[in-house]
Amino acid sequence: MKHRLVGLAIASVFAATMVPAAAQTVVKIGHVAPLTGSIAHLGKDNELGAKLAIEELNAKKLTIGGKQVTFELLSEDDAGDPKQGTAAAQKLVDAGVVGVVGHLNSGTSIPASRIYSDAGIPQISPSSTAPKYTQQGFKTTFRVVANDGQLGGTLGRYAVKDIKAKSIAIIDDRTAYGQGVADEFMKSAKAAGGKVVGREYTNDKATDFNAILTKLKGAKPDLIFYGGMDAVGGPMMRQMKQLGIDARFMGGDGICTTEMAKLAGDALGDGKVVCAEAGGVTADKAAAMEAFRKKFKEKTGLEVQLYAPYVYDAVNVMVAAMQKANSTDPKKYLPELAKIQYDGVTGRISFDKHGDVKDGTLTLYTFKNGAKTQMMVTK
C-alpha cells in the first residue's frame, strides 16, 4: 500500500504540471519503453526521466512560434517486444506527436524507427546501442549514448588487457542488443589476443541455463561475457555459482543496474562483475549528475536506475531544437536537431551525420558489498 500511495503521489505531481491552459498550444512528445515485463524497472526509470523534463519545461512557460506552449507527454509501453514496439510507434504517430524519445531497447527502436521516419518525426533513443539503429539512412534517427561497437569493443580489450582473461566464454540472448554487443565484444577480445572457448545462446525470457552453463564449464572459462539484460543475467550468475563455475562475469549496460545486485544475490561477489554503461560523465560533469540524481530522488522517491538522465537530456535536446527553429513542426526543427550543440546533464550533446552522439562516453563498473561501484569513465 505504501508503494501504491507513493506512486499515486508521483503521478499526481506530474499530472498537475501537464494540464494545458486554454490559451496555450499543446505540443505532444512521445515516450516509449517497456513499462511491463521483466525490465519494467528500467522502462519506468526512463519514463520518470521524461516526466521530470516535461514538468520543468512547462514551469518555464516557453514561447515558440509566438505562442506559449504546454508540453504533454504521451507514454507507451512496448514491453520490450518488437511487434508491440511498432504498434506503439504507430499509435504515437496517429496521436500527433511532434517527436519521440525512445525506445529503450534496440530490438524495438530499430523496427519503430522506420515508422517515425516515414512520418518525418524525430526519434531520440536514450539507451538503444545497436549500431544498426542509426545505420539505416533515416534522417530522423538519433541517440544520446555511445553504440555497441564502442561499448563491446572497450569491454573486449579490457577483458584481455586489464583483467588478463585467458579463456573467455560468451552467451547472448539473441536480441538485437544482446547479439550485437556480444559480437562486438568477441571481435575486440580476439583482436586483443584473447581466446574464446565457447559461445552459447539463450533468450530474454529464459530462467534455466544449466544446459549451456554445464557445456561451458567443461571449457573452464575464467570469464563469461553475457549479452543481455539483468533479468536474465542475475539468475544466470546464481546458476553459475550452483554449478561451481568460478569465473568473472562481464556484460554491457543491460546488466549494469542496481537491480542486478538483487537478482544475482550472493552469487554477485565483490569485484566479480565488470559491466559498462553506454554513457557516463567526466569529472567536470560529476556535480551536475549528482544534482540530477538528488532532484530525481526528491521528486520520485526512487533512485536513478540507469538511463533516466539520458531521457531527461533527450527531451530537453528536442525542445532546444524547437526553440532554435522557433517552431514545433518536425520538418522545421529537425534540421536544427541535426546540428544541435547542447550542454546537458550527461555532457555535451551533438550528433554526427548518422545521428550518433559525438564523443560518447562509457563508464566501467563493478559491484562491491552489493553496491554498484564506478571504476572509470572512458571514451
Side-chain angles (χ1 to χ4, degrees), residues 18 20 24-32 46 49-75 89 92-93 95-103 109 112-113 115-128 133-134 136-147 279 285 288 292 307-360:
M18 292 163 58
Q24 297 174 334
T25 297
V26 176
V27 178
K28 298 175 181 177
I29 294 177
H31 171 265
V32 192
N46 278 22
K51 287 180 174 180
L52 181 56
I54 293 292
E55 177 193 7
E56 292 182 358
L57 286 165
N58 283 338
K60 292 177 181 177
K61 301 187 183 303
L62 299 177
T63 298
I64 298 176
K67 297 177 181 178
Q68 188 176 318
V69 296
T70 295
F71 295 100
E72 181 182 356
L73 188 73
L74 302 187
S75 190
L92 288 175
V93 169
V97 299
V98 300
V100 174
V101 174
H103 301 203
S109 279
S113 63
I115 293 170
Y116 301 130
S117 175
D118 289 346
I121 295 171
Q123 173 192 10
I124 307 176
S125 176
S127 46
S128 295
Y133 169 61
T134 52
Q136 302 171 92
F138 301 149
K139 300 296 185 185
T140 51
T141 304
F142 303 86
R143 71 172 124 223
V144 291
V145 290
N147 66 34
K285 277 290 177 181
F292 174 85
Y307 283 119
Y310 297 88
V311 180
Y312 177 86
D313 272 356
V315 172
N316 279 294
V317 163
M318 191 172 278
V319 173
M322 294 177 196
Q323 290 178 283
K324 283 187 174 294
N326 199 28
S327 174
T328 59
D329 182 344
K331 292 185 183 66
K332 294 180 179 176
Y333 87 78
L334 178 59
E336 293 296 338
L337 182 59
K339 61 185 180 183
I340 201 83
Q341 299 281 334
Y342 182 82
D343 191 24
V345 169
T346 61
R348 190 75 170 167
I349 297 172
S350 61
F351 303 107
D352 67 14
K353 63 180 181 180
H354 301 294
D356 282 313
V357 70
K358 292 180 181 177
D359 296 321

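Numbering starts at 1 and runs along the sequence shown. Being a predicted model, the structure only gives us computed values, none of them experimental.
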Do [X] and [Y] make a side-chain contact, defined as non-hydrogen atoms from C-beta onward lying under 4.5 Å apart?
X      : Y      : answer
His103 : Gln123 : yes
Met318 : Phe71  : no
Tyr307 : Val145 : yes
Thr328 : Tyr333 : no
Leu62  : Val319 : yes
Asp343 : Lys285 : yes
Leu74  : Glu72  : yes
Ile340 : Phe142 : no

For the [atom1] atom of [X] and the [atom2] atom of [Y], what is their distance to the nearest 0.5 Å?
X      : Y      : atom1 : atom2 : answer
Lys324 : Leu337 : NZ    : CG    : 11.5 Å
Ile124 : Asn316 : CD1   : CG    : 10.0 Å
Gln341 : Lys358 : CD    : NZ    : 6.5 Å
Ser113 : Phe138 : OG    : CZ    : 5.0 Å
Asn147 : Thr134 : CG    : OG1   : 6.0 Å

- Query: Going by atom types only, do Thr141 and Gln136 share a side-chain donor-acceptor pair under 3.5 Å?
  - Reply: no
Show your reasoning for whether side-chain contact (heavy atoms from CB on, under 4.5 Å) applies to Val98 and Met322. CA-CA 10 Å; Val98 300; Met322 294 177 196; 3.6 Å; yes
